[in-house]
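Report on the structure given below.
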Amino acid sequence: MIHFALSDIIIIILYFLAVLYVGFRAARKVSGNDDDFLLAGRSLTLPIFVMTLVSTWYGGILGVGEFSYRYGISNWVVQGVPYYIFAAIFAFFLAKKIRATNLYSIPDKLELAYDKKTAILGSLLTFILMTPAPYILMLGVLIQMIFGWSLIISMIAVAVVAISYLYWGGFQADVQTDVLEFFLMFAGFAVILPFSFLKFGGYEFLKANLPPLHLEWSGGNSAQFIMVWFFIALWTLVDPAFHQRCYAAKDGATAQKGILVSIIFWLVFDFMTATAGLYARAALPNLSEPIMAYPMLAEAVLPPIAKGLFYVGMLATIMSTLNTLAFVSAQTLGRDIFGRLLIGSKHTSNIEHRTSSNAKLWTKIGLIVSFLLSVVIALLIPSVIKIWYTIGTVVIPGLLVPLIASYFDRYKIEAKYAFLSMLLGWITSLGWLISGYLDGNSGNYALGIEPMYPGLIMSIFIWSLGRISLTQKL
């Protein structure tokens, strides 16, 4: 059982009040300019860029605890290293190009490079990719644990808090709350590690009480299992939050340096979270629900006040990601989907017109709709890992190839091939995924192949046909 002292509850309530204060204070600074509402006036400096990117790219903290508990330091190998690699690739090859376009979103780039039809399909996939459902679910579970409310009431409470300041402050409110949450997420784990060390000891305790494989890089997992996670990390290259922050940076150099500096902070935070996971496994070897690794470790080692601070750190880690996903999801639904359905053509002037007309209003409407849909998804699929796996497996094969190719002239293809590459890529992965659950297969996929692979192969195949066709015409 989890127990909270009154002091812990007060600290957690103060955290939510602080988030609301910072969010609404930022909202007062937002001008009537849609550019300011959507991208904070494209003025993010290097420190702000780093803090908002670091905090928003680490929302699945309970899942990290579960993975560390189950597999030890291999959590760093599969959940850390692949993302560092692809984030570095993003920084060196994409960050400056994205900022130079001066656009607003991934669908804008798809429309400019290809056509409206491809942009709308890309908008739909981006909307699915950025659903905040898993983070509403995680926060709902934590709020339920802390206050004893029902899960649905807890999730609605979380949604109302986040909607309130994002609705009025837009991206500016998202960024400013991220800055606060950046400090809190590090502070939370800086609290639990010393207490764990003082109660149990250091490396010798871990070595004596952990399964041997927990201190090996593979964690006993197969090479194929580890490789799958490297492919899932391709998510980084199509992640709208990365693109959004590059668009919002004051210049391309800031975006590039910001991502590289962020990798250092992610590495430090990964070390902290992995160590906490090892302590949980060594001290509490018989947990029936490994996803509770961090809360149960806190229960075992933290006194009042310190426990409240640790929970604030976990809440801040999730909340920062929830804010960003909700806002990008809202912008995608409102501006990028509704806007394109109402205003046609593929010219830049129409992209600018969508932004200068009703983008702010559409995004606000999209925010409400996005949160409502996310609560429904979280209730229908009450598993964070299943939501992540399903979305990543289906969407990434559709978006990856056409989007990356759009930034390099030598790899571009005609619009009809880009659309087919996107469409057939995600449909192939979706069909492969569904087939694994038909006829009582229970997730045993055809030929033992994960659904992401055939989708990527199909997308690359169509892209190759597009390159051949374009080369012949030239």
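These numbers were taken from a predicted model, which means no experiment stands behind them.
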Side chains of residues 72-79: which donor-acceptor partners sit under 3.5 Å, not counting sequence neighbours?
unit_1 : atom_1 : unit_2 : atom_2 : d
Ser74  : OG     : Tyr71  : O      : 3.0
Asn75  : ND2    : Ser68  : OG     : 3.3
Trp76  : NE1    : Tyr84  : OH     : 3.1

inquiry  = Within the supplied structure, the quantity of interest is the number of heavy atoms (other residues, nucleotides, ligands) at a distance under 6.0 Å from Tyr411 OH; does it exceed 12?
reply    = no
Residues Tyr165 and Asn323: side-chain donor-acceptor under 3.5 angstrom = yes
message = I need the minimum non-hydrogen distance between Asp409 and Arg467, along with the two atoms involved.
response = O-NH1, 4.3 Å
Name of the residue among Lys116, Arg340, Lys117 meeting side chain to side chain donor-acceptor pair (under 3.5 Å) with Glu111 = Arg340
message = Is it the case that atom CZ in Phe86 sees more than 12 heavy atoms from other parts of the structure closer than 6.0 Å?
response = yes
task = In sequence, state the C-alpha distance, the side-chain angles, and the governing distance for Phe93 and Tyr407, and then conclude on ring pair (Phe, Tyr, Trp, His ring centres under 6.0 Å).
result = CA-CA 9 Å; Phe93 297 102; Tyr407 285 102; over 10 Å; no
request  = Could you tell me which non-hydrogen atom of Arg42 sits nearest to which non-hydrogen atom of Tyr247, and how far apart they are?
outcome  = NH1-O, 3.1 Å
ask   = If every non-hydrogen atom of Leu53 is compared with every non-hydrogen atom of Trp266, which pair is closest and at what distance?
value = O-CZ2, 3.7 Å
remark   = Nearest heavy-atom contact between Ala119 and Pro107 is CB-O, 3.4 Å
inquiry  = Checking Thr56 against Ser320: is there a side-chain donor and acceptor pair closer than 3.5 Å?
reply    = no
message = Pair Phe419, Tyr114 - check ring pair (Phe, Tyr, Trp, His ring centres under 6.0 Å), show working.
response = CA-CA 8 Å; Phe419 178 80; Tyr114 305 118; over 10 Å; no
request  = Report the residue from Leu400, Leu399, Ile391 that forms a side-chain contact (heavy atoms from CB on, under 4.5 Å) with Trp235.
outcome  = Ile391
key: Nearest heavy-atom neighbours spanning Thr324 and Ala241   = CG2-CB, 3.7 Å
request  = Look at atom OH of Tyr83 and say whether more than 12 heavy atoms of other residues, nucleotides or ligands are closer to it than 6.0 Å.
outcome  = yes
request  = Assess the side chains of Asp251 and Thr254: does a donor N or O sit below 3.5 Å from an acceptor N or O?
outcome  = yes
task = May I have the step-by-step check of ring pair (Phe, Tyr, Trp, His ring centres under 6.0 Å) for Trp57 and Phe242, ending in yes or no?
result = CA-CA 9 Å; Trp57 193 233; Phe242 266 65; 5.1 Å; yes
ask   = Is it the case that more than 12 heavy atoms not belonging to Ile152 sit under 6.0 Å from its CD1 atom?
value = no
query = So with a 6.0 Å cut-off around CZ of Phe230, is the heavy-atom count from everything else above 12?
reply = yes
Derivation of the salt bridge (Lys or Arg N to Asp or Glu O under 4.0 Å) call for Asp239 and Arg245 = CA-CA 10 Å; Asp239 185 75; Arg245 277 147 181 76; over 6 Å; no
message = For Ile98 versus Cys246, what's the shortest heavy-atom pair and its separation?
response = CG2-CB, 3.7 Å
